Asker: 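Structure incoming, see below.
Note that the structure is a prediction, hence the values are computed from the model and not measured.
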Amino acid sequence: MPNIKPVSDLRNYTSVISEVTYGNRVYLTKNGHGQFAIIDMKELDDLDKQKALNHFLSEMNKAEESIRTDGTISAADLRKELGVDD
């Protein structure tokens, strides 16, 4: 169950922070609407890594689709296009 508190509870900062653990975020509301989340740093790092991995996999899928639809060029043609002499 989500841990939801009014932002005014931050007056007792230590109490709120002590409830934050990996997988147990504290969500803060302002005027009854979600405003902030307090999250464990290790969990944030893991989420950032997962986001980067998902982006990488998405780009790889685009590249594979491009290869299937557009094909590839030979190494000699690539060297010529890049202006690299043998």
Side-chain angles (χ1 to χ4, degrees):
M1 165 146 346
N3 191 351
I4 302 171
K5 298 184 172 298
V7 74
S8 60
D9 277 11
L10 280 181
R11 285 185 214 127
N12 190 359
Y13 176 81
T14 306
S15 173
V16 173
I17 294 303
S18 69
E19 296 180 36
V20 178
T21 59
Y22 192 100
N24 184 39
R25 303 170 191 156
V26 174
Y27 299 96
L28 302 173
T29 63
K30 186 173 181 180
N31 298 323
H33 298 284
Q35 190 72 29
F36 307 102
I38 304 174
I39 184 171
D40 180 86
M41 287 299 291
K42 170 86 170 97
E43 183 178 2
L44 180 62
D45 289 343
D46 289 348
L47 290 171
D48 286 343
K49 289 175 189 174
Q50 187 63 48
K51 181 180 174 186
L53 177 60
N54 288 342
H55 179 73
F56 173 76
L57 292 175
S58 174
E59 292 299 312
M60 289 297 293
N61 286 334
K62 289 178 191 175
E64 288 175 351
E65 182 62 27
S66 174
I67 289 170
R68 278 193 292 278
T69 59
D70 301 334
T72 61
I73 62 173
S74 68
D77 289 342
L78 177 61
R79 282 192 293 277
K80 183 178 176 182
E81 186 175 317
L82 296 175
V84 179
D85 296 289
D86 289 337

Asker: Could you list the residues that satisfy side-chain hydrogen bond (donor to acceptor under 3.5 Å, both in side chains) with Lys80, not counting sequence neighbours?
Answerer: none
Asker: Under 4.5 Å between side-chain heavy atoms, hopping through other hydrophobics if needed: is there a path connecting Phe36 to Tyr13?
Answerer: yes
Asker: Using 0.5 Å steps for rounding, measure from the OG atom of Ser15 to the CG atom of Leu10.
Answerer: 10.0 Å
Asker: Is a side-chain donor or acceptor of Gln35 paired with a backbone partner of Thr29 at a separation under 3.5 angstrom?
Answerer: no
Asker: Quick one: list whatever passes side-chain hydrogen bond (donor to acceptor under 3.5 Å, both in side chains) with Asn31, sequence neighbours left out.
Answerer: none
Asker: For Ile73 and Glu81, run side chain to side chain contact (heavy atoms under 4.5 Å, CB included): C-alpha distance rounded to whole Å, both residues' side-chain angles, the deciding distance at 0.1 Å, then the answer.
Answerer: CA-CA 10 Å; Ile73 62 173; Glu81 186 175 317; 3.9 Å; yes
Asker: If we only count heavy atoms from C-beta on, is the Glu64 to Asn61 side-chain gap below 4.5 Å?
Answerer: yes
Asker: Could you state the interatomic distance from CD1 (Ile17) to CD1 (Ile38), rounded to the nearest 0.5 Å?
Answerer: 4.0 Å
Asker: Could you pull out all residues at least two apart from Asp70 that satisfy side-chain hydrogen bond (donor to acceptor under 3.5 Å, both in side chains)?
Answerer: Ser66
Asker: Can you check salt bridge (Lys or Arg N to Asp or Glu O under 4.0 Å) on Glu65 and Lys62, steps first, answer last?
Answerer: CA-CA 5 Å; Glu65 182 62 27; Lys62 289 178 191 175; over 6 Å; no
Asker: To the nearest 0.5 Å, tell me how far Leu57 CG sits from His55 NE2.
Answerer: 10.5 Å
Asker: Give a yes or no on whether the backbone of Glu19 and the side-chain of Asn24 come within a donor-acceptor separation of less than 3.5 Å.
Answerer: yes
Asker: Can you list the steps and then say if Leu28 with Val26 is a side chain to side chain contact (heavy atoms under 4.5 Å, CB included)?
Answerer: CA-CA 6 Å; Leu28 302 173; Val26 174; 4.0 Å; yes
Asker: Val16 and Asp9: which non-hydrogen atoms are nearest, and at how many Å?
Answerer: CG2-O, 3.4 Å
Asker: Can you tell me how far CG of Asp48 sits from CG of Leu53, rounded to the nearest 0.5 angstrom?
Answerer: 12.5 Å
Asker: Within a 6.0 Å radius of atom CZ on Arg68, are there more than 12 heavy atoms belonging to other residues, nucleotides or ligands?
Answerer: yes
Asker: What's the spacing between Tyr27 OH and Ile39 CD1 if we round to 0.5 Å?
Answerer: 7.5 Å
Asker: Enter the distance from Ser74:OG to Arg79:CZ here, rounded to the nearest 0.5 Å.
Answerer: 7.5 Å
Asker: Please lay out, stage by stage, how Asp46 and Gln50 fare under the test side chain to side chain donor-acceptor pair (under 3.5 Å).
Answerer: CA-CA 6 Å; Asp46 289 348; Gln50 187 63 48; over 6 Å; no
